[in-house]
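Single-structure report; data block below.
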2 protein chains.
Amino acid sequence: MPTARERVRAELTAEITAAARRQLAEVGAAALSLRAVAREVGMASSAVYRYFPSRDDLLTRLIIDGYDALGEAAEAADDPAAPPEQRWSAVCGAVRDWALAHPHEYALLYGSPVPGYSAPQDTVPAASRVGIVLGRILGDAARAGRLSGGGVRVPGLLGDAAVEVLGQDAPGIDDAVRVRALLAWSSLFGTVSFELFGHLVGSVEDADAYFARAVAELGALIGLD
Amino acid sequence: MPTARERVRAELTAEITAAARRQLAEVGAAALSLRAVAREVGMASSAVYRYFPSRDDLLTRLIIDGYDALGEAAEAADDPAAPPEQRWSAVCGAVRDWALAHPHEYALLYGSPVPGYSAPQDTVPAASRVGIVLGRILGDAARAGRLSGGGVRVPGLLGDAAVEVLGQDAPGIDDAVRVRALLAWSSLFGTVSFELFGHLVGSVEDADAYFARAVAELGALIGLD
DNA sequence: GCTCGGCGAGAGCGGTGCTCTCGTTCCGGT
DNA sequence: ACCGGAACGAGAGCACCGCTCTCGCCGAGC
């Protein structure tokens, strides 16, 4: 049973993060001002420090929330009953849609690191959610024998995290598959980032069609056909 | 014949950009402080405004210089006499090496856009240099008949810039090749960014070996074998 | 009922980008 | 040769930033 004090504290915390998210969407992460957040919530800047020890901690909160929202979008888009290549493109599309809808949050997650700020370990579980979805798709495809390629051993190349996300050794899953999954994962984000950060301006007319083709090519790269 | 005044102005401008680049390497773009630059050069902050109308203009200068430096590295790494897949991996390696050596400048070029700042048109030629190198490699490979795949028409998908960089229609070059080239370029960027921005920590043990494999996979994706 | 801890407000510190003014210095035309 | 004007550097000042400290308040637990 939370006391009244705890309740109002939780409410105020949520209100602060909501205002911070609004401010993030307006001015970006680097210019996120704790004072402006305080103004929007209607209290003195010093009072915010009762809830977040520093601006960086507020940023960490936003980062974790962002990873969770993106991960949730990816999970919601994945229908385990669908064929693998369809699951792949559905998840890719969901990631892109979320990025286009929340460009500043996406930039916070996958853009330049904020100088002087290093993400704490707390962010790792949330950050892994999209990777886990992709790993599940690949694992299912491999177990169903619908994953071509593979067969290469590259000891010492990958770390434990990759093996954990992409499943233990199983029929059809080896280091070559994991490497290609990682590559597809970073390529997907390269493609989304290029579009979002304006590097495709002038080169691509129809961004939707380009993305669809890119996802198909990357699916083929992984071994989904 | 430049007057003495013009000479000292050019010198001071160069000194300011040099100090700014040093500061950029230390604290990153978002924390780049014009006052600190002025301190390092040894003049009042207001005096710097005689040379750069605003902090953003100083940033633009750094961006153009960065694109030029990266483009130069890519051009230097490309040996037109070598086989295409070797040229591809050499240029990819040069891009990654430059990024690892100048992480903050790379983040400035390919990371989150600075909010409220939009790159002026002046940056486009410098930004295109790496793309042009990649386009030349693909064009040469296509003319030599060493590019597999292609054969797909996707009218209205790509813009003029892509056609310009990747050559007019030629035997072996069509929209499908250009799309894959763009995809390879953004995937390369995604791979480098993931490594640089820390998204591969825990998943990849041997970054050099991973990158080499990624480049090889991407080369195959383009159609180089 | 009283005390003590959480709380909000306000002032203050050193920093930022940017503007304005003021005295100087140098360049070009007469 | 000189003088007017343009370029220049310095300094003060404005509004903002993150963060700290102190102070008065108020509610929850002993």
Side-chain angles (χ1 to χ4, degrees), chain A residues 1-17 19-24 26-63 104 108 113-118 120, chain B residues 1-17 19-24 26-63 104 108 113-118 120:
Chain A
M1 167 75 188
T3 71
R5 215 174 193 139
E6 285 170 340
R7 274 222 324 276
V8 70
R9 183 184 176 85
E11 272 176 33
L12 254 179
T13 305
E15 204 170 327
I16 290 173
T17 58
R21 217 167 354 256
R22 273 193 301 276
Q23 238 232 321
L24 178 69
E26 276 176 26
V27 299
L32 190 147
S33 146
L34 198 143
R35 279 176 127 110
V37 170
R39 263 197 305 274
E40 196 171 327
V41 178
M43 56 194 210
S45 70
S46 56
V48 179
Y49 283 85
R50 303 278 184 196
Y51 297 85
F52 293 94
S54 79
R55 177 180 168 276
D56 284 1
D57 290 85
L58 179 54
L59 254 158
T60 300
R61 178 78 264 151
L62 294 183
I63 289 176
H104 288 100
L108 177 63
V114 180
Y117 169 87
S118 95
Chain B
M1 166 78 187
T3 70
R5 205 168 201 149
E6 286 170 339
R7 274 222 323 276
V8 72
R9 182 183 176 86
E11 272 176 33
L12 254 178
T13 304
E15 203 170 328
I16 289 173
T17 58
R21 215 164 0 253
R22 273 194 301 275
Q23 237 231 322
L24 178 68
E26 278 175 24
V27 299
L32 190 148
S33 148
L34 199 142
R35 279 175 125 108
V37 170
R39 263 197 305 274
E40 197 171 327
V41 178
M43 56 193 209
S45 69
S46 56
V48 178
Y49 284 85
R50 303 280 183 193
Y51 297 85
F52 293 94
S54 77
R55 178 178 167 277
D56 284 1
D57 291 86
L58 180 54
L59 256 160
T60 299
R61 178 78 263 149
L62 294 182
I63 288 175
H104 286 101
L108 178 62
V114 179
Y117 168 88
S118 93

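Quick note on labels: first sequence line is chain A, next is B, and so on, each numbered from 1.
- D:dG18 atom C1' lies 12 Å from atom CG of A:Leu59, rounded to whole Å.
- Remark: the B:Arg35 side chain and the C:dG15 base include no donor-acceptor N/O pair separated by less than 3.5 Å.
- Put simply, A:Ser33 has a side-chain N or O that comes within less than 4.0 Å of OP1 or OP2 on D:dG18.
- Whole-Å rounding puts the B:Arg55 CZ to C:dC18 C1' distance at 12 Å.
- Taking atom CG of residue B:Leu34 and atom P of nucleotide C:dT19, one finds them 11 Å apart after rounding to whole Å.
- B:Leu58 comes within 4.0 angstrom of nothing in the nucleic acid, heavy atoms only.
- The structure places CD of B:Glu15 at 9.5 Å from OH of B:Tyr51, a figure rounded to the nearest 0.5 Å.
- Side chain of A:Arg22 to backbone of A:Glu40: no donor-acceptor contact under 3.5 angstrom is found.
- Proximity of B:Glu26 to B:Leu32: side-chain heavy atoms (C-beta onward) are nowhere separated by under 4.5 Å.
- Taking atom CZ on A:Arg50 and atom P on D:dC26, their separation rounds to 15 Å, with Å as the unit.
- OP1 or OP2 of D:dC8 lies within a sub-4.0 Å distance of a side-chain N or O belonging to B:Arg9.
- Summarising the geometry, the separation between CD1 on B:Ile16 and C1' on D:dC8 is reported as 12 Å, rounded to the nearest angstrom.
- Residue-level contact check: A:Phe52 touches neither bases nor backbone, having no heavy atom under 4.0 Å from any strand.
- The closest side-chain donor-acceptor pair between B:Ser54 and B:Asp57 falls under 3.5 angstrom.
- Heavy-atom distances under 4.0 Å link DNA chain C to B:Arg39, B:Ser45, B:Ser46, B:Tyr49 of residues 39-49 of chain B, given in residue order.
- Rounded to whole Å, the distance from CG on A:Asp56 to P on D:dC19 is 6 Å.
- In this structure, the side chains of A:Leu58 and A:Arg55 stay at 4.5 Å or more apart for every pair of heavy atoms.
- The minimum heavy-atom distance linking B:Val48 with B:Ala38 is given by the pair CG2-CB, 3.5 Å.
- A cation-pi arrangement is not found for A:Arg61 relative to A:Phe52, the charged atom failing to lie both closer than 6.0 Å to the ring centre and inside a 45° cone about the ring normal.
- Residue-level contact check: A:Leu12 touches the backbone only, with heavy atoms under 4.0 Å from sugar-phosphate atoms and none from bases.
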